[in-house]
Amino acid sequence: MAGGHAHDAHDDHGDGPEVLSVSDKNPRVRTIQVKRPTPAESSYLAATAKGLGVTLKHFVKNTFSRRKNTYIETIEYPEQKFEYPERFRGLHRLMHRDDGAVRCVACMCCPTVCPAHCITIVPAQTDDNGIEKYPATFEIDELRCVVCGLCVEACPCDAIRMDTGIHAKPVEERHEAIMTKDLLLELGARSTAVQGGEGADWRGKK
Amino acid sequence: MGLELVTTQLEKAANWGRKFSLFSYPFVTACCGMEFMSVAAPKYDIARFGAEFPRFSPRQADLLMIVGTITEKQAPALKRVYDQMAEPKWVIAFGVCASTGGFYQNYHATPGADQIIPVDVYIPGCPPRPEQVLDALMLLMSRVQDARGHSQLRHKREKLVLEQQRAAGALEE
Amino acid sequence: MSQKVLDALAKKFGDAVERTETQHGDEVAWIKRDKLVEVATWLRNDPAMAFDQGMFVTAIDTLDLRRPDANGAIRVVDLEAAGATRFEVCYQLRSLRHRHRVRLKIRVTEADPRVPSMTGLWSSFIWQERETFDMYGIKFDGHPDLRRIYLYEEFVGYPLRKDYPKDKRQPLVRRSDLPSSES
Amino acid sequence: MADLKTLVLGRKDVQDMDEEQELPSELMTINMGPSHPAMHGTVRIVLTVDGERIVKGDIQPGYLHRCFEKESEHATYTQVFPYTDRLNYVSPMINNVGYAMAVEKLLGITKDIPRRAEYVRVIVSEVSRITDHLTCVGASAMELGGFTPFLYFLKAREWLYVLLEEVSGARLTHSYVRVGGVSKDLPDGWMDKLLARLDEIEAVMVEVETMLNNNKIFRDRMAGVGVFSKEDAISFGLTGPVGRACGIDYDVRKDFPYSIYPELEFDVPLGTTGDCYDRYLVRVEEIKQSIRILRQCARQLPTGPGERHIIDDPRVALPPKRDAYNTIESMIRHFKHIVDGIKVPAGEAYTFVEGGNGELGFFIVADGTGRPFKCYVRSPSFVHLSSVEKTMHNHLIADIVPIFGMINMIGGECDK
Amino acid sequence: MDIVYAILDNAALKWAVLVLIMVMPLASLLTWAERRQSAMMQDRLGPNRANLGPLKIWGILHFIADAVKMIAKEDFIPGSVHRGLFALAPILALAPVLVAFAIIPFGPTVYPHVMGDVLNTYQLASGPVGDAAQQAAWAATYDDSIRAQVFQIEFGLIFYFAILTLANYGGTIAGWASYNKWALLGGLRSSSQMMSYEVSMGLSLMGMFLIWGTLEPGAMVQLQGSEPWKWGVVLWPFVPLGLVAFILFFTAAIAETKRAPFDIPEGEPEIIGYFVEYSGIRWGMFFLAEFIEIVFISAVITTVFFGGYQVPFLDPDGFRFLGDWVTVNGQQVHLGGYYLPVPHGAVVALQFGAFAIKVVLLCWLQLLIRWTLPRFRADQLMNLGWKVLLPSSLGLIMVAALAKLVSFL
Amino acid sequence: MPAGLAIVCALGFCGLFVALAVLIGPKVVTPEKLKPFECGSEPIGTPRGRYSVKFYQVAILFLVFDIEAAFMYPWALLYRHLSFSGGHVSLFGFVEMLIFVLILVVALAYVWRKKAIGWD
């Protein structure tokens with residue numbers, strides 16, 4: 001696939017670009033003159049006709065062909081949806097532990113790293129041994145979030161993710177955009193990142 | 001009673017027309033402009049909703065799209081454009097910078113365009129995906145149909161303000 | 001890489017050059033303020049130097065600058081104790097012909113933040129110096145049009161100085177009907 | 001005969017009449033912008049015009065001053081990446097790379113970056129460069145009234161956005177590159193998708209060039225407009241496509257090769273007259289060269305289990321997630337990294353890369369903490385915009401459109 | 001019954017029918033067509049979502065929505081404007097183009113009494129001859145004719161040039177009255193452009209007038225006849241006169257409509273246009289006038305260059321190939337040849353249809369051009385008008401005169 | 001007079017539009033709204049100045065050439081009858097117009113050379 005293109009034969013053409021100089025740092029880099037068409041080559045009628053030809057081609061094909069043969073790329077959004085790629089950073093979610101409780105241990109990494117300071121965590125003590133704290137409040141203001149994904153990178157226990165594959169909804173009032181802990185947990189799922197288990201490095205999979 | 005019915009129906013019809021003919025004034029300043037272009041691009045094609053005409057005159061626009069960060073220097077211009085728009089008018093804050101300032105909380109970025117003018121719909125995302133913009137447009141369209149925009153509420157408020165000004169003799173000069 | 005520029009500078013303007021240094025491949029020369037025009041003119045016009053492009057101007061506000069001390073501990077440099085000046089104005093120059101570059105630094109104090117303007121030598125500095133003025137309050141003597149460039153005229157203070165709070169806003173307009181919910 | 005002339009004209013010569021009888025017309029002062037379609041919403045020009053000819057234009061940028069420097073000073077080195085995305089938001093990857101290289105220089109790890117990471121950086125940079133030029137040329141065509149070429153280019157740009165999103169997770173503001181490498185490796189089969197799209201982009205380019213290159217209207221709008229002499233261009237510090245259109249044979253990738261550019265073969269196009277048409281041609285040619293570079297990268301991209309996408313240096317990179325979950329040392333390292341940021345030794349460095357618009361430089365002063373003491377960006381748009389005041393003198397108002405379009409003034413980068 | 005026909009032949013009524021039933025809907029539809037066509041050219045779908053319940057009809061409702069919105073939009077007049085002129089400008093832009101339609105023959109003469117029969121062209125041409133009874137019968141059959149042209153005036157196309165010039169003042173006045181510098185620039189551009197192209201527009205058609213010896217559109221269509229090689233665009237007296245005149249006129253006419261590539265008075269990204277300060281329906285009237293002008297120019301071109309309502313080989317009495325022309329009573333009658341009789345009603349329908357199709361196709365062509373080409377700059381536009389079109393038109397006139405002279409000598 | 005009737009109808013039609021809009025549209029007038037729109041900035045100076053004279057030059061040229069064109073219409077219509085002998089076209093009409101057109105061309109060439117054609 002990669003080698004199949006003859007573009008590198010660019011300079012083999014007799015009418016290749018005029019080479020002005022060759023770089024002393026890298027002999028394979030040349031300086032070329034851009035080919036400026038002569039004024040005679042640009043005329044009102046001929047060039048207009050050529051341009052009309054291009055648009056006419058698109059018009060005819062798009063109007064009279066079956067949809068799949070056309071150039072048309074439009075997706076009828078609310079009905080058809082573009083499938084977001086796996087890495088798409090969408091709405092946040094909070095992952096669950098095996099017992100359904102929130103994975104987050106309120107270590108405050110994500111609010112620290114968030115450049116927009118859109119995450120608010122109020123930690124509370126928990127009687128769970130091993131994990132000392134849990135977030136009593138976990139709120140993300142989606143209207144502040146700049147979708148940089150640093151919080152996901154910063155989380156040391158795979159509690160917060162942005163891989164929901166859905167985007168944040170537009171809102172009519174500012175406060176509606178605040179995702180509370182319950183909403184975030186609703187989107188969440190049981191984390192595969194078992195402590196000490198194999199599935200921990202879920203980002204590692206390509 | 002009958003007259004009331006007629007006016008309601010008339011209003012309904014007018015709102016139907018407004019809904020499908022939202023000409024926008026793109027107040028494009030920043031990164032979100034790239035996604036604003038994408039929304040107009042073939043793939044997402046905002047024209048399907050009849051909202052593809054950018055009008056660069058506030059008189060002819062129905063929808064003020066605040067696309068990008070509003071800085072303190074820009075704010076008077078935004079306010080003036082908004083003030084000069086003809087009724088009825090709606091405002092969309094496009095992206096987090098226009099909505100809340102996003103991560104630009106500093107000496108020159110305003111903490112959201114709604115500090116300057118009223119906003120009807122906020123779109124999260126930095127920049128928002130075209131899908132989010134279309135969602136917002138549909139949300140706004142439902143608002144328009146239900147006459148639920150700020151514009152309707154604003155009438156009352158602005159009338160009040162105007163009366164106060166008149167009383168104070170501000171309009172006399 | 002371009003050590004020869006520094007050597008030539010030191011040789012020709014021994015007393016005008018306070019100090020030279022090479023950091024991460026960048027050559028830096030501290031120049032005395034009153035000799036700057038002379039040095040810069042020479043740098044631009046001498047065929048062996050031929051610094052024909054001015055890349056950028058900026059300033060470093062060394063207030064609160066932390067540097068490792070002799071023991072390796074990082075601490076804030078006390079400007080007065082070190083006898084240092086607050087601002088360092090940096091001019092980055094580059095020669096297209098010789099492909100070398102140099103950074104000139106001029107120390108100025110907070111009380112007298114003045115530097116001779118280089119706009120006569122490199123046109124690109126017209127705006128760059130305006131920017132530095134806008135952000136740091138450095139006055140460029142002889143600049144044709146020294147106004148604020150990014151900020152509005154009504155703005156008070158110089159925001160990139162370290163003592164300007166990051167989120168101290170000076171709004172021009174706000175909605176009157178909003179409850180005061182600033183920031 | 002002369003008498004007859006005097007009789008008819010009332011003057012000795014026609015020339016005399018013109019000069020004496022011309023009414024002095026008043027100059028008009030118009031605000032162009034900030035909210036003007038040709039001003040990209042972020043520049044205001046106070047124009048003084050005589051008829052439609054520009055006598056003087058006072059360009060006032062700063063309507064999008066988002067305080068990149070101040071924000072950076074308050075952010076850790078990693079947190080600056082999202083801010084760099086929004087400098088030149090048409091080619092964010094290049095900003096990411098430039099900033100990362102500056103930090104790496106301060107850390108002294110420039111030579112230790114894994115080769116695969118370098119390749120990935122170059123690949124995403126070149127893809128970004130294509131999106132930049134597509135947007136620039138397309139938007140200029142649109143502002144000149146050619147809406148259809150604009151949408152064709154947007155269609156092509158959309159394909160690249162989808163690809164970039166597959167890599168980084170965001171369409172536009174990727175924050176993908178990290179100090180020491182890139183945050184994630186390329187997905188499987190991504191290069192093949194890219195190569196397929198490159199072919200389609202070439203087809204679109206042919207169509208658009210048919211519509212624009214030789215079109216007399218388009219040419220008349222561009223040729224001879226905004227001419228900049230080489231001397232002026234050097235003095236104003238023009239670089240990138242704009243500088244090359246003026247005949248300045250300078251490309252950072254060629255003259256100060258960084259990353260893996262020394263291993264690649266490409267051409268640097270140069271213009272002759274320095275007008276807008278040359279800028280257009282240079283940009284179009286650069287798209288083709290970027291496509292060429294991408295094809296070479298696809299062939300040479302190191303693959304294999306040993307190839308890392310980020311440096312394995314505890315000072316710089318986050319520990320692998322698996323370790324962070326499981327081992328206490330990695331956990332502590334992780335926390336230190338997040339809370340304190342990357343500790344960069346005190347010093348200062350200026351690093352520059354070939355951005356979409358020209359030499360994009362980052363001048364960082366580090367003080368040994370996890371946050372930059374100063375993070376200045378030498379933004380090409382700002383430098384280029386400063387030249388416009390001179391360029392547009394004595395042009396018509398309509399000429400501002402191609403001049404601005406081909407300078408490719410990007411608000412975020414210009415106003416920082 | 002006769003009263004009905006008499007009313008139908010009333011000029012004002014015909015105009016109303018023409019404008020209200022044909023032109024306005026066609027122009028409004030054109031706004032929709034433009035959006036859909038540009039979408040098709042640009043690989044998009046275009047507006048298609050406006051619905052009344054389940055009814056969507058490919059987005060045609062969008063233009064109704066536009067109209068409703070514009071009427072329901074605030075009617076706003078800025079403070080410092082010249083109120084009278086400000087209000088006058090959109091009316092001045094719209095009304096003349098509506099009036100100008102009056103001269104266009106958009107169909108054949110209809111003889112309502114013989115709708116079902118084949119028209120006897122020979123009898124029609126020879127006029128009321130014979131005895132009184134025969135004459136009365138002739139009159140009963142043919143007198144109630146309805147001409148599909150609002151009024152026939154000898155100086156037909158001059159009326160058009162004159163009235164359209166008025167329309168162009170709309171832009172200028174709007175620009176000046178708005179008390180806005182951008183609008184002022186737009187208005188000045190508008191007037192300069194109009195003046196530059198008005199001259200060449202008239203002159204480019206002069207050659208055709210000269211060959212035909214008439215200015216009356218109806219007569220031109222009659223002269224062109226049903227055989228396509230006699231139509232204006234292929235008029236070839238030693239030189240491709242028709243084709244050149246067509247290109248010149250088409251260019252000048254597009255320029256007169258002020259649409260891309262000649263949309264410099266609006267020139268959105270440069271100056272925002274002469275109607276910056278107009279809102280709602282007042283702006284909509286400028287908008288509508290533009291589209292009506294497109295329709296109108298298509299109609300004029302159809303009439304002058306493409307045989308008007310003529311269908312190839314369709315005579316008033318049926319399809320005929322290779323016949324002979326006979327002059328009866330001063331009128332040309334086509335006789336003989338291979339002949340397929342067609343009832344008068346069908347002929348009328350076909351000819352109305354042909355006119356509509358030609359107009360639509362020309363509108364389509366104008367839209368195609370509009371969405372393909374970039375915009376001129378003001379001075380280049382003036383240069384094109386004065387330095388290319390005007391000399392070419394002058395040359396063309398002399399060539400036409402020479403050709404006519406040679407053919408007669 | 002049918003043309004007059006049509007004009008009245010057209011005017012009425014336009015008036016109807018405006019009247020509808022005036023009746024139906026909402027109305028809110030604020031002092032800021034009444035100011036002219038100038039890209040969001042406060043306007044500087046007045047648009048009622050004395051602007052460049054070239055705009056008028058074009059107008060004068062237009063008048064000149066349009067009136068010349070008006071002279072050509074009758075000639076074009078009567079071209080076939082322009083002869084002394086009657087009935088047929090003759091060299092007289094042609095030469096006559098040739099001279100006229102040549103004068104026009106000379107005028108055009110003159111204004112062309114004086115750079116009166118153009119935008120500024």
Side-chain angles (χ1 to χ4, degrees), chain E residues 11-12 15-16 19 70-76 78-80 87 90-91 94-96 98-99 102 150-151 158 178-182 184 188 191-192 195-196 198-199 202-203 206 209-210 213-215 276-277 280-282 285 378-379 382-383 386-387 390-391 394 397-398 401-402 404-405 408, chain F residues 2-3 5-7 9-11 13-15 17-18 20-22 24-29 31 33-39 43 45-48 51 55 58-59 61-62 65-66 69-70 72-73 75-80 88-91 93-94 97-98 101 104-105 108 112 117-120:
Chain E
W15 178 84
V19 166
M70 280 176 187
I71 289 177
K73 186 94 180 157
E74 179 183 9
D75 177 65
F76 172 70
S80 324
I91 295 176
L94 182 59
L98 291 177
V99 173
V150 177
F151 49 85
I158 292 188
S178 290
Y179 199 77
N180 180 309
K181 284 170 230 159
W182 291 117
L184 176 71
L188 290 174
S191 69
S192 304
M195 291 176 203
S196 304
E198 188 77 29
V199 179
L203 290 182
M206 198 77 75
F209 301 153
L210 189 142
T214 178
L215 276 170
V276 184
E277 297 287 354
I281 198 66
R282 289 182 204 265
M285 279 157 75
D379 57 332
M382 306 277 281
N383 283 350
W386 288 101
K387 298 183 183 170
L390 183 58
L394 284 175
I397 296 168
M398 290 328 289
L402 189 66
K404 185 93 178 168
L405 183 70
F408 271 98
Chain F
L5 216 56
I7 289 167
C9 287
L11 287 177
F13 196 65
C14 300
F17 271 147
V18 177
L20 262 179
V22 170
I24 293 180
K27 265 201 168 33
V28 178
V29 180
K33 203 173 188 177
L34 289 170
K35 286 185 191 162
F37 168 70
E38 208 171 298
C39 303
T46 163
R48 293 277 185 269
Y51 21 85
F55 292 121
V58 175
L61 287 184
F62 162 68
F65 282 93
D66 214 32
M72 290 169 105
Y73 286 104
W75 166 77
L77 289 188
L78 299 175
Y79 185 62
R80 59 178 77 203
H88 283 304
V89 71
S90 78
L91 213 52
F94 180 74
M97 191 38 73
L98 193 63
V101 167
L104 261 187
V105 169
L108 185 65
W112 191 330
I117 302 170
W119 185 234
D120 55 331

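Order of the sequence lines sets the chain letters (A, B, ...), proteins ahead of strands, with each chain counted from 1. Remember, predicted model here, so these are calculated numbers, not experimental data.
In this structure, chain F has a heavy atom under 4.5 Å from the side chain of E/Leu98, while its backbone stays farther away. Both the backbone and the side chain of E/Leu402 come within contact range of chain F, judged by heavy atoms closer than 4.5 Å. Neither the backbone nor the side chain of E/Ala102 comes within less than 4.5 Å of any heavy atom in chain F. Heavy atoms of E/Glu74 lying under 4.5 Å from chain F belong to its backbone as well as its side chain. E/Lys73 touches chain F through its backbone: at least one of N, CA, C or O sits under 4.5 Å from a heavy atom, while the side chain does not. Looking at E/Met285, the atoms closer than 4.5 Å to chain F (heavy atoms on both sides) all sit in the side chain, from C-beta outward.
Counting only distance, with no hydrogens or angles, the side chain of E/Glu198 and the backbone of F/Phe62 share no donor-acceptor pair below 3.5 Å.
E/Ser191 pairs by the side chain to side chain donor-acceptor pair (under 3.5 Å) definition with nothing, not counting sequence neighbours.
Of all the listed residues (E/Trp182, E/Tyr179, E/Phe76), the one sharing the greatest number of non-hydrogen pairs under 4.5 Å with chain F is E/Tyr179.
Side-chain rings of E/Trp386 and F/Phe65 approach one another, their centers coming within less than 6.0 Å.
Ring pair F/Tyr73/E/Phe209 is tilted by interplanar angle, where 30° to 60° counts as tilted.
Taking every heavy atom of both residues into account, F/Ala69 and E/Met206 meet most closely at O-CE, 3.7 Å.
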